[in-house]
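Note that this is a predicted model, so its numbers are computed, not measured. Note on naming: letters A, B, ... go to the chains in the order of the sequence lines (proteins, then strands), and numbering restarts at 1 for each one.
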Amino acid sequence: MTSQRGNWPLWEVFLRSRNGMHHQHVGSLHAVDAEMALENARDVYTRRGEGVSIWAVPSVAIVASDPADKESLFTPALDKIYRHPTFYEIPDGVANI
Amino acid sequence: MYSQALDEHDDGLREAANSRFEERVAAEEKIEPNDWMPDAYRKTLIRQISQHAHSEIIGMQPEGNWLTRAPSLRRKAILLAKVQDEAGHGLYLYAAAETLGISREELVDQLLSGTAKYSSIFNYPTLTWADIGAIGWLVDGAAIMNQIPLGRCSYGPYARAMVRICKEESFHQRQGFDIMVALANGTPQQKATAQDAFNRWWWPSLMMFGPHDTDSLHSEQSMRWRIKRFSNDELRQRFVDVTVPQAEFLGLRVPDEELRYDEPTGHYVFGEPDWDEFEAVLRGQGPCNAQRMAHRRRAHDDGAWVREAAEAHAAKRNSSAA
């Protein structure tokens with residue numbers, strides 16, 4: 001990451017809330033380099049013990065889907081209710097399924 | 001991407017790191033990709049996670065065999081969704097294995113060259129539609145039994161992948177049982193196919209839990225490292241205990257003359273799987289080993305043009321953007 005004066009790159013911050021959990025996005029911040037991004041993330045996002053681990057990722061490295069494509073991307077999954085276990089009726093008297 | 005910042009040649013440092021590692025694992029802390037870990041732990045996990053991934057990928061074949069011949073559009077859509085899930089599970093697991101420093105290419109090579117193993121169960125044929133029911137009910141049922149404890153395993157990326165997979169497996173098992181219920185309540189011929197499929201899948205399903213604890217090669221260390229939570233025999237017993245009442249509900253006879261319920265212990269006593277058969281299938285001498293491998297190699301080769309086209313397309317876009 002290179003930065004010009006007054007135009008520090010943006011970083012996305014991810015926190016692992018507890019041992020063993022996924023990192024989750026919590027927000028973003030500006031920093032001149034990776035080291036400062038971690039330091040700033042610690043100060044900005046973990047003042048109340050929100051995390052046990054930080055990931056800082058340059059925002060330019062994030063590839064995002066366009067919200068306008070929401071329908072074509074995600075609605076095909078909605079009518080496939082048979083992908084959920086609750087779709088299947090388990091007869092009375094059958095346990096552990 | 002993931003590295004171990006430690007001088008691997010300094011014995012003192014290594015010993016200190018190792019005892020710190022053992023303490024962390026014993027305290028139920030998760031080990032993450034950047035953390036120091038013993039080479040044997042890394043190797044064990046790469047072996048186990050990649051075998052698991054390969055099993056998901058090869059496992060698509062016996063089920064895919066019935067996609068074009070599912071008895072209704074409903075059953076076909078469901079089976080297609082299930083086979084898609086198996087591919088997804090394979091990908092979650094390959095990605096988890098890659099966090100340990102092995103490349104996707106190496107993993108795929110190990111499968112295609114036959115140096116890596118996959119679950120013995122997928123070397124049995126799916127002869128009738130009832131086999132799809134039996135696989136969902138028994139094979140996925142056994143897989144869930146094995147995998148739920150893996151959701152708590154000490155390696156973070158594997159544990160998290162397993163939590164996701166187990167949620168999806170629940171649909172797999174239920175759709176299998178649903179098929180069995182339909183057949184068991186059907187014509188005498190349908191009942192007979194259900195019994196026949198059950199007869200053929202019962203013993204291989206018990207073998208899925210691996211050899212007896214006394215013969216299990218990696219068990220003790222894996223237990224200490226919290227990769228494994230329960231022994232092979234414990235999980236096998238649990239599977240028998242929950243599955244036999246389900247078979248009774250379906251009106252199916254368990255193909256085991258020695259099976260009986262033991263009142264004092266509350267467990268079923270059951271016969272011995274044919275371990276010679278298990279060993280033979282692992283050695284590559286099962287009914288479908290050659291077919292499964294040939295198919296996977298052919299699919300990989302047939303897909304080469306897609307990989308090449310994707311790279312060519314990306315290169316072209318990059319050069320026109322520059």
Problem - Crowding at NZ, B:K167 (>12 non-hydrogen neighbours, <6.0 Å) - result: no

Practice task
Look at atom CZ of A:R18 and say whether more than 12 heavy atoms of other residues, nucleotides or ligands are closer to it than 6.0 Å.
Solution key: no

Practice task
Look at atom CE of A:M21 and say whether more than 12 heavy atoms of other residues, nucleotides or ligands are closer to it than 6.0 Å.
Solution key: no

Completion exercise
Output for pair (B:F177 CZ, A:Y88 OH), nearest 0.5 Å, gives 14.0 Å

Completion exercise
Bottom line for B:Q84: the part with an atom under 4.5 Å from chain A's heavy atoms is side chain

Handout entry: For the student: nearest non-hydrogen atoms of A:R16 and B:R160, plus distance
Key = NH1-NH1, 3.3 Å

Problem - Value rounded to 0.5 Å, distance of CG in A:N96 from CZ in B:R238 - result: 10.5 Å

Exercise for the section: May I ask you to check whether over 12 heavy atoms, not counting those of B:E23, lie within 6.0 Å of atom CD? Expected result: yes

Practice task
Would you indicate whether the side-chain heavy atoms of B:E168 and A:R83 approach each other to under 4.5 Å?
Solution key: no

Problem - Contacting region of A:T86 [heavy-atom separation from chain B under 4.5 Å] - result: backbone

Going by atom type alone, with no hydrogens or angles, which donor-acceptor pairs under 3.5 Å involve a side-chain atom of residues 131-147 of chain B and a protein atom two or more places apart or on another chain?
residue	atom	partner	partner atom	Å
B:D131	OD1	B:T128	OG1	3.1
B:D131	OD1	B:R200	NH2	2.7
B:D131	OD2	B:L127	N	3.0
B:D131	OD2	B:R200	NH1	2.8
B:D131	OD2	B:R200	NH2	3.3
B:D131	OD2	B:W201	NE1	3.1
B:W137	NE1	B:Q246	OE1	2.9
B:D140	OD2	B:K82	NZ	2.8
B:Q147	NE2	B:H52	NE2	3.0

Problem - Crowding at CD, B:E22 (>12 non-hydrogen neighbours, <6.0 Å) - result: yes

Handout entry: B:E32 versus chain A, the contacting section by heavy-atom distance below 4.5 Å
Key = side chain

Practice task
May I ask you to say whether A:E89 pairs ionically with B:R174, meaning some side-chain N is under 4.0 Å from a carboxylate O?
Solution key: no

Exercise for the section: Sort B:R152 into side chain, backbone, both or neither according to what part of it lies under 4.5 angstrom from a heavy atom of chain A. Expected result: neither

Completion exercise
Greatest number of non-hydrogen atom pairs under 4.5 angstrom with chain B, of A:P91, A:G93, A:P85, falls to A:P85

Exercise for the section: Name the member of B:S170, B:A159, B:G156 that forms the most heavy-atom pairs with chain A at distances under 4.5 Å. Expected result: B:S170

Problem - Contacting moiety of A:H84, where chain B heavy atoms sit under 4.5 Å - result: backbone

Problem - Residue part contacting chain B, namely of A:I97, when any heavy atom lies under 4.5 Å - result: both

Handout entry: B:R164, CZ: over 12 other non-hydrogen atoms inside 6.0 angstrom
Key = no

Problem - Heavy-atom side-chain contact between A:F87 and B:I78 under 4.5 Å - result: yes

